[in-house]
Novice: 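Pasting a structure here, questions to come.
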Amino acid sequence: MSFDEIIDRFGTHSVKWDMMEQIYGVPADDGIAMWVADMDFRPPQCVADAIAKMQAQGIYGYYGDETAYNEAICWWMKTRHGWEVDPASVFTTHGLVNGTGMCVDSFTKPGDGVVLTTPVYHAFARVIASAGREVVECPLALNEGRYEMDFAAWDAQMQGHETMFILCSPHNPGGRVWTREELQGVADFCKRHDLILVSDEIHHDLVYPGHTHIPMTNVDESILDRLVMMTATTKTFNIAGSHSGNVIIPDPALRAKFATRMAALGLSPNSFGLFMAEAAYSPDGAAWVDDLITYLDGNRKILDAAIADIPGVASMPLEATYLSWVDFTDTGMSRAEFTKRVEQDARIAVNHGPTFGKGGENFLRFNIATPRARVEEAASRLRTAFADMQ
């Protein structure tokens, strides 16, 4: 397949494209959608073949016998991440936002505090608040354009009612790949404050050359009794519509609590997601991901070059994900002004920084997982929209 292929997604019930004009006022006729975190690429052929096989058989009944599915997960995590997964520890949820909600529901109670390192993926706060828990925002330190953990400041914030820490690893929207030392710091923080640690690692396959993702489960065995891992095929292979994710729980006691809540809510997986995941977690899927990273790396450099040409604007160094986090602070512009230039003048729909929590006020998030011609066009439009500053 070619990542350069332009695929028209209008009229396909694509949130990213069909809702762009309604939500952002970016015209559908020539706007560029760079907001929702899905890609404008077809998944690998092995995934399409799995769906074709389902269609050829023609009956879409209940899925049974998850042996091959679990084996595929275990193979992927071992070969790609050096992580030995016990098949008995794997739960399949309706995506990882649902997985987050299930963790909050299973391991906390109303009124508890749930710690987020902000700015961070906006769905976390929405789920926590909707469940009647308190969002405890622990801001990341911005040091020379790069996010860092600030454990001393976070220690001072804790009030004793916090029971859970949700880590985004790699980080969305900042694109950080946390180091082993930083991850050990998170583990120690959670032990110090007796917190369940939920590690959302949905972007773990989308890491650029020179960086290595370390699964939290491989950092410190002493936290396995408080650790919940979350992974998915959906971000890696652009199959988010399958709404399938895995919550992987090493500790039997935590596992039993989670299983009880799953049963109480009557949750069971979507067969389409299971078939697609099993197909994706394969040598063919791995080769596709390797090609994808090379392509995204090229897109990243194109957008970064355009941003570097605009005085006062800086893109955070992207170590992972396909989501570029761009800081407009030093332009001296108000948020309304720089957002207008991007959305109305350049006609690019992007995510607004404040939705990610404290620290996001002067940022916009750009999705670069689209054919290169679009990234090049977006880069040209940004240069034009801010031409008076160059």
Novice: Report the C-alpha separation of F258 and F91 in whole Å, then their side-chain angles, then the decisive distance to 0.1 Å, and conclude whether the ring pair (Phe, Tyr, Trp, His ring centres under 6.0 Å) test is met.
Specialist: CA-CA 9 Å; F258 195 85; F91 296 87; 4.9 Å; yes
Novice: Taking atom types as modelled and ignoring hydrogens, do the side chains of S282 and D284 form a donor-acceptor contact shorter than 3.5 angstrom?
Specialist: no
Novice: Would you call the rings of Y147 and H171 parallel, tilted or perpendicular, taking 30° and 60° as the class edges?
Specialist: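 Rings of Y147 and H171: perpendicular, over 60°.
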Novice: Does the structure place the NZ or CZ of R300 under 6.0 Å from the centre of the six-membered ring of Y208, at an angle of no more than 45° from the ring's axis?
Specialist: yes
Novice: Give the cluster check for V136 versus V104: same hydrophobic cluster or not, with ILVMFWY residues linked at side-chain heavy-atom distances below 4.5 Å.
Specialist: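 Unlinked, V136 and V104 end up in two clusters.
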Novice: Above 12 or not: heavy atoms from other molecules or residues under 6.0 Å from CD of E221?
Specialist: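 Open: at most 12 neighbouring heavy atoms sit under 6.0 Å from CD of E221.
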Novice: Under a 3.5 Å threshold, yes or no: a donor from one side chain and an acceptor from the other, between N299 and Y322?
Specialist: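 Per modelled atom types, N299 and Y322 side chains form no pair under 3.5 Å.
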Novice: Would you check if the side chain of E21 reaches a backbone N or O of A28 as a donor-acceptor pair within less than 3.5 Å?
Specialist: yes
Novice: Taking NZ, NE, NH1 and NH2 as the nitrogens, is one of them in R341 or E337 under 4.0 Å from a carboxylate oxygen of the other?
Specialist: yes
Novice: If you count the non-hydrogen atoms of other residues, nucleotides and ligands that lie under 6.0 Å from NZ in K257, is the total more than 12?
Specialist: no
Novice: Looking only at the side chains, is there a donor atom on one of D8 and W17 sitting less than 3.5 Å from an acceptor on the other?
Specialist: no
Novice: In plain terms, say whether D309 and R383 are close enough for a salt bridge, that is, a side-chain N and a carboxylate O under 4.0 Å apart.
Specialist: yes
Novice: Taking the six-membered ring for Trp and the full ring for Phe, Tyr or His, determine whether the centres of F356 and W325 are under 6.0 Å apart.
Specialist: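 Yes: the rings meet the under 6.0 Å criterion.
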Novice: Out of the candidates W75, W76, W288, only one should pair with Y281 under the ring-ring contact (aromatic ring centres under 6.0 Å, His included) rule; please name it.
Specialist: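 Considering W75, W76, W288, a ring-ring contact (aromatic ring centres under 6.0 Å, His included) with Y281 is found only for W76.
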Novice: Donor-acceptor pairs under 3.5 Å, side chain of residues 45-57 to any protein atom, not counting sequence neighbours: which ones?
Specialist:
residue: Q45; atom: NE2; partner: D49; partner atom: OD1; Å: 2.8
residue: Q57; atom: OE1; partner: I59; partner atom: N; Å: 3.1

Novice: Above 12 or not: heavy atoms from other molecules or residues under 6.0 Å from OH of Y62?
Specialist: no
Novice: Please evaluate residues F275 and Y63 with respect to the criterion ring pair (Phe, Tyr, Trp, His ring centres under 6.0 Å), reporting the C-alpha separation (whole Å), side-chain torsions for both, the decisive distance (0.1 Å), and the verdict.
Specialist: CA-CA 9 Å; F275 280 114; Y63 187 102; 5.1 Å; yes
Novice: Less than 4.0 angstrom from a charged side-chain N to a carboxylate O is my criterion; do D251 and R226 meet it?
Specialist: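 No.
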Novice: Passes salt bridge (Lys or Arg N to Asp or Glu O under 4.0 Å), D40 versus K16? Steps please.
Specialist: CA-CA 10 Å; D40 294 320; K16 183 178 177 182; 3.2 Å; yes
Novice: Please test M149 against V186 for side-chain contact (heavy atoms from CB on, under 4.5 Å), starting from the C-alpha separation and ending with a verdict.
Specialist: CA-CA 8 Å; M149 307 280 189; V186 171; 3.6 Å; yes
Novice: Indicate whether any N or O donor in one side chain lies under 3.5 Å from an N or O acceptor in the other, for E182 and T179.
Specialist: yes
Novice: Are the aromatic ring centres of F165 and F189 under 6.0 angstrom apart?
Specialist: yes
Novice: Under the criterion side-chain hydrogen bond (donor to acceptor under 3.5 Å, both in side chains), I'd like the reasoning laid out for H161 against E134: C-alpha separation, chi angles, the key distance, then a yes or no.
Specialist: CA-CA 9 Å; H161 71 303; E134 180 187 344; 2.6 Å; yes
Novice: Check whether any side-chain heavy atom of P269 lies under 4.5 Å from a side-chain heavy atom of L274, and answer yes or no.
Specialist: yes
Novice: Under the side-chain hydrogen bond (donor to acceptor under 3.5 Å, both in side chains) test against H213, which residue among E319, H203, E201 passes?
Specialist: E201
Novice: When you measure from the side chain of R261 to the backbone of A256, do you find a donor-acceptor pair of N or O atoms at a distance under 3.5 Å?
Specialist: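 Here the side-chain-to-backbone pair does not exist.
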Novice: Are the charged groups of R9 and D38 less than 4.0 angstrom apart, N to O?
Specialist: yes
Novice: Just by distance, with hydrogens left out, do H193 and Q159 show a side-chain donor and acceptor under 3.5 Å apart?
Specialist: no
Novice: Using only atom types and a distance under 3.5 Å, with no angle test, would you say the side chain of W154 pairs donor to acceptor with the backbone of P139?
Specialist: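 Pair found, side chain donor or acceptor close to backbone of P139.
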Novice: NZ of K109: more than 12 outside heavy atoms within 6.0 angstrom?
Specialist: no
Novice: For C103, does its backbone N or O pair with a side-chain atom of S106 as donor and acceptor, under 3.5 Å?
Specialist: no
